[in-house]
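None of these values were measured; they are calculated from a predicted model.
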Amino acid sequence: MDEDEFEENSVKFQYPAELKERARIELEELKRKVTSREFPFNSEAIKLLQNVRYVIGRTHEGLPFPNDYFDVAYTKKGPTSWYQEGNRVVRPGGSLILFHPVDGNGKGSELGEYFPGLFPPPSKGTPVLDVIMERLAKSGLIDIQFRHLQETVWIPSPEDVLVMKCFGQSEEYTQYVNEMCFDKIVTNFEKHATEKGIKITHFYCLIWAKATET
């Protein structure tokens with residue numbers, strides 16, 4: 001889990017302040033040890049890490065791996081051009097695991113109801129899922145299986161609504177939204193929240209597939 005994902009999950013799963021502070025301290029200590037080469041790993045872990053490397057690639061330009069390079073691949077990004085590239089870099093018969101946020105087809109989208117103008121309103125249809133299906137059909141993948149998942153999350157405070165709106169945005173954008181919209185966010189939050197906060201619903205699609213010859 002990277003720092004952005006931790007921040008997002010801290011809102012979704014209501015991490016207590018003590019946990020977030022502990023994670024921050026541990027991360028800073030780990031960064032210090034890595035910088036000073038005081039790796040906090042035993043000898044067996046170091047052997048395993050010798051097989052780990054970070055690679056940056058863009059699926060639109062082709063991933064920087066040869067054909068049939070992996071036994072298994074996982075992604076939670078998309079839908080993009082990843083499917084065809086995933087089929088190329090995974091050996092025939094190898095597994096691909098895909099995890100995507102998808103549409104609620106009119107369900108969910110509570111934030112759009114409670115905070116109009118800040119979040120998209122509820123809408124019928126499944127445009128994201130339709131794109132996934134279209135691109136899977138062109139991917140060359142076989143034995144495709146789907147599982148639809150629904151997640152209920154409680155947003156505990158107006159500040160967390162602001163974090164969700166501004167996630168991944170610049171400091172300038174976050175400051176603008178805070179100055180222009182936060183009072184309204186607080187008003188609407190108090191109008192709709194229970195003692196646990198505001199309940200929202202997310203929808204996901206978990207996909208298993210097999211690679212074929214490319």
Side-chain angles (χ1 to χ4, degrees), residues 1-31 59 74-80 82 97-133 135 146-207:
M1 181 186 299
D2 60 26
E3 292 178 68
D4 288 341
E5 188 174 3
F6 181 87
E7 183 64 32
E8 182 180 9
N9 285 344
S10 71
V11 175
K12 290 173 61 177
F13 301 115
Q14 305 175 39
Y15 292 170
E18 295 82 359
L19 174 60
K20 292 190 283 188
E21 177 62 15
R22 181 64 180 175
R24 185 192 66 79
I25 293 172
E26 292 288 347
L27 177 61
E28 291 302 317
E29 178 64 9
L30 179 59
K31 287 179 178 178
T59 55
Y74 164 77
T75 183
K76 65 173 186 176
K77 304 294 184 183
T80 65
W82 194 92
I97 305 169
L98 321 168
F99 184 73
H100 300 305
V102 294
D103 324 275
N105 194 17
K107 299 178 181 179
S109 301
E110 294 92 348
L111 290 176
E113 295 180 6
Y114 302 154
F115 306 98
L118 284 181
F119 297 92
S123 60
K124 288 284 187 178
T126 56
V128 175
L129 184 58
D130 293 344
V131 171
I132 290 174
M133 298 298 292
R135 295 185 179 178
F146 292 85
R147 182 176 179 184
H148 294 276
L149 306 174
Q150 178 176 324
E151 174 189 47
T152 298
V153 177
W154 292 90
I155 308 300
S157 73
E159 290 78 10
D160 292 312
V161 175
L162 182 67
V163 169
M164 294 186 70
K165 173 60 184 176
C166 300
F167 179 73
Q169 303 295 328
S170 66
E171 291 185 11
E172 291 80 5
Y173 178 84
T174 301
Q175 182 177 354
Y176 174 81
V177 175
N178 186 30
E179 293 174 354
M180 300 299 295
C181 306
F182 188 67
D183 288 344
K184 185 65 174 179
I185 290 175
V186 171
T187 299
N188 286 12
F189 185 93
E190 293 175 348
K191 179 180 178 181
H192 297 287
T194 69
E195 61 180 15
K196 295 175 65 176
I198 285 180
K199 183 176 76 171
I200 63 174
T201 309
H202 297 298
F203 298 90
Y204 302 94
C205 187
L206 181 61
I207 305 169

Measuring centre to centre across the rings, with the benzene-like ring taken for any Trp, is Tyr114 within less than 6.0 Å of Phe189?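 They do not qualify: ring centres at least 6.0 Å apart.
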Counting only heavy atoms from other residues, nucleotides and ligands, does the tally under 6.0 Å from CD of Gln175 exceed 12?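 Open.
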If you draw a 6.0 Å radius around CZ in Phe146, do more than 12 non-hydrogen atoms from other residues or ligands fall strictly inside?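 For Phe146, atom CZ is crowded (more than 12 foreign heavy atoms under 6.0 Å).
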Given Phe99, which of Phe203, Tyr204, Trp82 fulfils the ring-ring contact (aromatic ring centres under 6.0 Å, His included) condition?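 When ring-ring contact (aromatic ring centres under 6.0 Å, His included) is applied between Phe99 and each of Phe203, Tyr204, Trp82, only Tyr204 qualifies.
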Given Ile207, which partner from the list Ile132, Thr75, Ile97 fulfils the side chain to side chain contact (heavy atoms under 4.5 Å, CB included) test?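 It is Ile132, the one option of Ile132, Thr75, Ile97 that forms the side chain to side chain contact (heavy atoms under 4.5 Å, CB included) with Ile207.
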Where is the tightest heavy-atom contact between Lys196 and Trp154, given as atom of each residue plus distance? NZ-NE1, 3.3 Å
How close do Cys166 and Thr174 get, counting heavy atoms only, and between which atoms?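 Looking at all heavy atoms of both residues, the shortest contact is CB-OG1, 3.4 Å.
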Look only at the side chain of [X] and the backbone of [Y], and say whether a donor-acceptor pair between them is shorter than 3.5 Å.
X      : Y      : answer
Thr194 : Gly197 : yes
Thr126 : Leu129 : no
Lys165 : Leu118 : yes
Asn105 : Gly125 : yes
Gln150 : Thr201 : no

First locate atom [atom1] of [X], then atom [atom2] of [Y], and finally report the distance between them rounded to the nearest 0.5 Å.
X      : Y      : atom1 : atom2 : value
His192 : Thr187 : NE2   : OG1   : 10.5 Å
Phe115 : Ile198 : CZ    : CD1   : 4.0 Å
His202 : Ser109 : NE2   : OG    : 10.0 Å

Check: Val161 and Val163 side chains under 4.5 Å, non-hydrogen atoms: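 SC-SC contact between Val163 and Val161 ruled out.
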Does the side chain of Val128 come within less than 4.5 Å of Pro101's, by heavy atoms?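 Of all side-chain heavy-atom pairs linking Val128 with Pro101, none is under 4.5 Å.
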